[in-house]
Undergrad: 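This is the structure I want to talk about, given as structure tokens.
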Amino acid sequence: MQVPTAEREVLQVEVAARPWRRVPLLPAAVVAAVAAGVVWLVHDSMVDDAYITLTYARTLAFHGEWGMIPGMPANSATSPLNVLVLAAFTFVLRSAVHAAGALFIVSAVVLALALRRAAIESGMPSWLGLLGAAAVAFNPLLLSTVGLEMPMAAALLGLLLVSATGRRPLLFGVVAGLLVMTRVDLALFPLIVLFGRPSLLRAWWKWLISALVVTAPWYAFSWLHFGSLVPDTLLIKTWRADWSGYYVATGFEFFYRLTPVPVSLVMVITVAGILCAVGLCLARAAGKGTAAWPWALLGIGGVAHYCAYSLLKVPPYHWYYAPLVIGATIALAGAGGLVAARGRKAFVATVGAVLVASQVVFALGWGMPWRGAPIMTNWGLTADYARIGRAVKEIVGDRAVASPGEIGLLAYFCDCTIVDQFSDRGFVSDALKDRIDQSGALGRTFFQLNYWHFEPVERRPVDFVMRRVMGPGDPFWTISSTTHPPSHLVIEPAPR
């Protein structure tokens, strides 16, 4: 049966009074151990964009510079917070790849404990939070984003839920600020939670000050030093992007054509979560199910994020769907918790276990360890690019080489001066001019304000050029992936 409102409020006060230092060690240890196993499973399958971030982290950790290539400042890291945290781990562990694994483990533990706490505060079984965290962490799409910012975003969304269930404006402000530093577009989640929890809205000065303390230093520095408030990826990812007419709104169809089984798993859980979020909204309107309302707000946030990206017609990079998947899964867990609180614990536990088990079975069946992510669009696998990147280093030495179109893995394993729009800000000038010319009045104003302090620079001259040629070639230079047929890379002197 559902916990009465008065008793639930007493429970929330009692739980809130417990200090954070009383961390449930056994659940934390189990989650950490499982997450470490997941890291081993996926460590050779991180996508190219993840290695862009890892290259940023390595450059910051070992050279104290912001960019992919030492001596070439750039601002193409979508997630400043992800780079900063990864750089800290890299400095200690001496490997950005190991740092990505460590961050995934920490994020998984934080997510599990946050959902567990939120479940207790909502009058739900504590194991419901752990089950919800497992459903997020084992999702094929989320596992395809390891190394990117989405595992950390999931942990922060768990903390955002805790701030909403316990009505903690200071925590809300800090987490909202961290979400914005993770990805600017994730601001949609705290905005929706804010208006869905009027008690937080009334304590506006507490969350506003804490959010500004977290975000203002970095964004002021970025705007003045790099010349852009929002990272260049917003410009890069929408500049001359050709996805054969596919956008976020039609992206599920695109990925389903490539790998139908993992995408089907993602879609089943996501659609179920969206339906649960709708049901919780209807229950809220009828004055019922208020305990799960904060959980529904995160589901609404995921849908709002998806709708915003669909309206903007941005290309369907697979990690753009992660906020929807995370939010929908949390809403699904909240609906399950509500049912469990009414006495149907066995039913909820069984359904939840089946959903998680299906994801685990797929993950183990994809490979041990994975050679490539199940949901991605990279031309080559990590092993291909690692082999070629080291060879490129021997060829070019200290000279510059133009990337063939995918730069992250090559830059990481080559550890050389490899140039394209992600590493060389000389490309930004051309991209900015094109976007301003193509945008409407609102978009034009945004880009002009964002790059108000930007000072154009010349492109870095290159000595070599790498090209991708369809079809297999020399086996050493041939690449392929789980979603692309064989092709091969060619390196040749740059034309003069």
Side-chain angles (χ1 to χ4, degrees), residues 47 49 78-79 111 132 135-137 139-145 148-158 160-161 164 176 179-180 182-196 230 233-234 237-238 241 243 245-260 262-282 294-335 355 374-377 443:
V47 298
D49 280 73
T78 303
S79 175
L111 174 64
V136 172
N139 190 290
L141 188 136
L142 268 294
L143 291 180
S144 300
T145 68
L148 292 167
E149 62 276 4
M150 285 308 159
M152 183 170 63
L156 291 173
L157 288 173
L160 188 72
L161 179 63
L179 281 168
V180 170
T182 301
R183 285 187 69 97
V184 174
D185 49 288
L186 294 180
L188 279 171
F189 283 89
L191 284 175
I192 287 172
V193 170
L194 190 63
F195 287 101
V230 178
T233 40
L234 177 63
K237 292 294 187 181
T238 57
W243 283 71
Y246 285 100
Y247 299 97
V248 164
T250 56
F252 274 116
E253 177 190 353
F254 172 81
F255 286 107
Y256 181 82
R257 291 174 179 268
L258 295 176
T259 47
V263 174
S264 296
L265 278 173
V266 173
M267 292 179 69
V268 165
I269 294 176
T270 303
V271 171
I274 293 172
L275 293 176
C276 286
V278 172
L280 292 173
C281 289
L282 295 175
W295 303 68
L297 291 174
L298 292 193
I300 296 170
V303 173
H305 186 277
Y306 171 80
C307 291
Y309 266 53
S310 297
L311 290 173
L312 291 172
K313 291 189 174 181
V314 297
Y317 296 100
H318 70 270
W319 54 92
Y320 287 177
Y321 297 94
L324 170 65
V325 172
I326 297 167
T329 306
I330 291 176
L332 178 62
L355 287 176
I375 302 176
M376 69 167 186
T377 53

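All values derive from a computational prediction rather than experimental measurement.
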Undergrad: Given ring pair (Phe, Tyr, Trp, His ring centres under 6.0 Å), test Y247 with Y309 step by step and report yes or no.
TA: CA-CA 9 Å; Y247 299 97; Y309 266 53; over 10 Å; no
Undergrad: For the atom pair CD1 (I192) and NE2 (H305), what is the distance rounded to the nearest 0.5 Å?
TA: 10.5 Å
Undergrad: With no hydrogens and no angle check, is any side-chain donor or acceptor of H318 less than 3.5 Å from a backbone partner on S144?
TA: yes
Undergrad: Restricting to non-hydrogen atoms, name the atom on I326 and the atom on A154 that form the minimum distance, rounded to 0.1 Å.
TA: CD1-CB, 3.8 Å
Undergrad: Would the distance check show the side chain of T259 and the main-chain N or O of P374 forming a donor-acceptor pair, the cut-off being under 3.5 Å?
TA: yes
Undergrad: Taking the side chain as everything from C-beta on, heavy atoms only, tell me whether I274 gets closer than 4.5 Å to L332.
TA: no
Undergrad: Would you compute the distance between atom CZ of F252 and atom OH of Y306 and round it to the nearest 0.5 angstrom?
TA: 6.5 Å
Undergrad: Sub-3.5 Å donor-acceptor pair from the side chain of Y321 to the main-chain atoms of V266, do we have one?
TA: no
Undergrad: Atom CE in M152, atom OG1 in T182: separation rounded to 0.5 Å?
TA: 4.0 Å
Undergrad: Does the T250 side chain pair with the main chain of Y246, one donor and one acceptor, at a distance under 3.5 Å?
TA: no
Undergrad: Quick one, F255 with T377, criterion side chain to side chain contact (heavy atoms under 4.5 Å, CB included). Give me CA distance, side-chain angles, the key distance, then yes/no.
TA: CA-CA 9 Å; F255 286 107; T377 53; 3.6 Å; yes
Undergrad: What distance separates T145 OG1 from D49 CG, expressed to the nearest 0.5 Å?
TA: 11.5 Å
Undergrad: Are W319 and R183 close enough, and set up right, to give a side chain to side chain contact (heavy atoms under 4.5 Å, CB included), and what steps lead you there?
TA: CA-CA 12 Å; W319 54 92; R183 285 187 69 97; 3.9 Å; yes
